[in-house]
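Here is the structure we will look at.
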Amino acid sequence: MVLLHSNAIPLGSAAPSFHLMGIDGAEHSLEGYRDKKVLVIIFMCNHCPFVQEIWEDLVALEKRMPEEVQFLGINSNANPNYPEDSFEKMKEYARAKAQEFPYLYDENQGVAKLYDAQCTPDIFVYNAAQQLAYHGAFSGLEAAVQDLLKGKEPAAAQTHSMGCSIKWA
């Protein structure tokens, strides 16, 4: 396991467009979430102990959020050396964690590269204009979302996420 910190991404950056298959069998796109006041994108995977540490809290947080907040998990660990992160295993893990938000598979790792995602978890929070408002650790996520819901810029410190490296093919 290689421990990395998330890259510094300028606040206000536009969310890159994507089209990814979810474990629900549907294709998901950035454009499909334009009506959300807050969009939370978490680059995550099944086997990472840093993701495992927050997974249940992440699921509980998402369930407390109003409808205008959308969470998306994206697994970019499309590497045959990590079978625990396969599409089929994603379904198993999400079911075991009672995860209701979409869990998407970035099979060619192109979306992770577009977002400059570095580690798991790597958390990006976008405002209603789909501009980056928070990119940081899980500890500041709820406060950042609550600030955006109140129409304010997040006051939470933009502390880098840290976790396992994305397993590039």
Side-chain angles (χ1 to χ4, degrees), residues 6 14-136 138 141-142 144-146 148-149 161 163-169:
S6 58
S17 183
F18 62 83
H19 293 271
L20 294 173
M21 184 59 63
I23 62 171
D24 59 359
E27 183 176 275
H28 296 259
S29 68
L30 178 68
E31 293 74 23
Y33 299 102
R34 291 232 181 263
D35 63 331
K36 298 300 180 180
K37 194 168 186 179
V38 180
L39 177 63
V40 179
I41 297 176
I42 309 107
F43 286 87
M44 55 191 280
C45 69
N46 302 331
H47 86 276
C48 173
F50 295 94
V51 173
Q52 289 290 328
E53 173 93 13
I54 67 164
W55 204 325
E56 290 174 5
D57 293 332
L58 190 60
V59 166
L61 175 60
E62 186 272 338
K63 288 180 181 177
R64 290 194 310 269
M65 289 292 132
E67 194 173 297
E68 60 261 11
V69 177
Q70 179 65 55
F71 279 55
L72 297 174
I74 298 177
N75 177 6
S76 296
N77 276 2
N79 185 317
N81 294 328
Y82 296 88
E84 202 63 24
D85 289 330
S86 71
F87 190 73
E88 287 305 313
K89 289 287 189 179
M90 288 170 61
K91 294 176 185 177
E92 291 176 25
Y93 275 76
R95 188 171 35 254
K97 299 290 187 183
Q99 177 179 327
E100 295 176 4
F101 60 87
Y103 195 13
L104 315 178
Y105 193 45
D106 182 17
E107 188 171 9
N108 69 10
Q109 302 180 313
V111 175
K113 291 174 185 171
L114 283 173
Y115 279 75
D116 201 15
Q118 184 72 18
C119 57
T120 57
D122 204 344
I123 300 169
F124 296 76
V125 180
Y126 293 92
N127 62 23
Q130 294 189 336
Q131 296 170 319
L132 187 64
Y134 177 81
H135 180 225
F138 177 74
L141 175 58
E142 184 169 12
V145 170
Q146 293 297 344
L148 287 170
L149 287 172
S161 292
C164 300
S165 64
I166 290 177
K167 306 305 184 245
W168 304 106

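- A 4.5 Å side-chain heavy-atom check between P102 and Q70 finds at least one atom pair inside the cut-off.
- Within the 4.5 Å cutoff, side-chain heavy atoms of I23 are placed close to those of F87.
- Residue pairs that meet the salt bridge (Lys or Arg N to Asp or Glu O under 4.0 Å) test with at least one member in residues 42-60, sequence neighbours left out, are E56-K97.
- Take K63 and apply the salt bridge (charged side-chain N to carboxylate O under 4.0 Å, His left out) test, not counting sequence neighbours, and it matches E100.
- Every residue meeting the side-chain hydrogen bond (donor to acceptor under 3.5 Å, both in side chains) condition with E84, not counting sequence neighbours, appears here in chain and number order: Y93.
- Residues that satisfy the salt bridge (charged side-chain N to carboxylate O under 4.0 Å, His left out) test with K89, not counting sequence neighbours, are E92.
- The backbone N or O of A117 sits nowhere less than 3.5 Å from a side-chain atom of D122 that would complete a donor-acceptor pair.
- When atom types are taken as modelled, the side chain of E107 and the backbone of N77 share no donor-acceptor pair closer than 3.5 angstrom.
- Counting only heavy atoms from C-beta outward, the side chains of C164 and P49 approach each other to under 4.5 Å.
- Side-chain contact check for I41 versus I74: some heavy-atom pair is nearer than 4.5 Å.
- Using a distance-only test at 3.5 Å, with no hydrogens or angles considered, a donor-acceptor pair links the side chain of D106 to the main chain of A112.
- Note that CZ of F43 is 10.5 Å distant from SG of C119, once rounded to the nearest 0.5 Å.
- Proximity of V51 to M44: side-chain heavy atoms (C-beta onward) are separated by under 4.5 Å at one or more points.
- For the pair F50 and C45, the minimum side-chain heavy-atom distance is 4.5 Å or more.
- Here the closest non-hydrogen pair linking I54 and P121 is CD1-CG, 3.8 Å.
- Heavy-atom minimum distance, N127 versus A129: OD1-N, 3.0 Å.
- For the atom pair OH of Y115 and OG of S76, the computed distance is 10.5 Å after rounding to the nearest 0.5 Å.
- Within the 4.5 Å cutoff, the side chain of V69 has no heavy atoms near those of the F101 side chain.
- With sequence neighbours left out, Y82 forms a ring-ring contact (aromatic ring centres under 6.0 Å, His included) with H47.
- Applying the side-chain hydrogen bond (donor to acceptor under 3.5 Å, both in side chains) rule to K91 yields the partners E88; only residues at least two apart in sequence or on another chain are considered.
- Qualifying ring-ring contact (aromatic ring centres under 6.0 Å, His included) partners for Y134, counting only residues two or more places apart in sequence or in other chains: none.
- Using modelled atom types, one side-chain atom of N75 and one backbone atom of D85 make a donor-acceptor pair closer than 3.5 Å.
- Applying the ring-ring contact (aromatic ring centres under 6.0 Å, His included) rule to F138 yields no partners; only residues at least two apart in sequence or on another chain are considered.
- Other residues, nucleotides and ligands contribute over 12 non-hydrogen atoms within 6.0 Å of the CD atom of E31.
- With hydrogens and angles ignored, the 3.5 Å screen pairs no side-chain donor or acceptor of S29 with any backbone N or O of F18.
- S165 and Q118 share no donor-acceptor pair across their side chains, judged by distance under 3.5 Å alone.
- By the side chain to side chain contact (heavy atoms under 4.5 Å, CB included) test, E142 pairs with L61, R64, M65, Q146, sequence neighbours left out.
- Take Y105 and apply the side-chain hydrogen bond (donor to acceptor under 3.5 Å, both in side chains) test, not counting sequence neighbours, and it matches no residue.
- Enclosure of atom CD in E27 by more than 12 non-hydrogen atoms of other residues, nucleotides or ligands within 6.0 angstrom is indicated.
- In this view, R95 satisfies the salt bridge (charged side-chain N to carboxylate O under 4.0 Å, His left out) rule with no residue, not counting sequence neighbours.
- Between N46 and W55 there is a side-chain heavy-atom pair separated by less than 4.5 Å.
- Remark: the backbone N or O of L149 is paired with a side-chain donor or acceptor of K37 at under 3.5 angstrom.
- With values rounded to the nearest 0.5 angstrom, Y103 atom OH is found 13.5 Å from D24 atom CG.
- Partners of Y126 under the ring-ring contact (aromatic ring centres under 6.0 Å, His included) rule, at least two apart in sequence or in another chain, do not exist in this structure.
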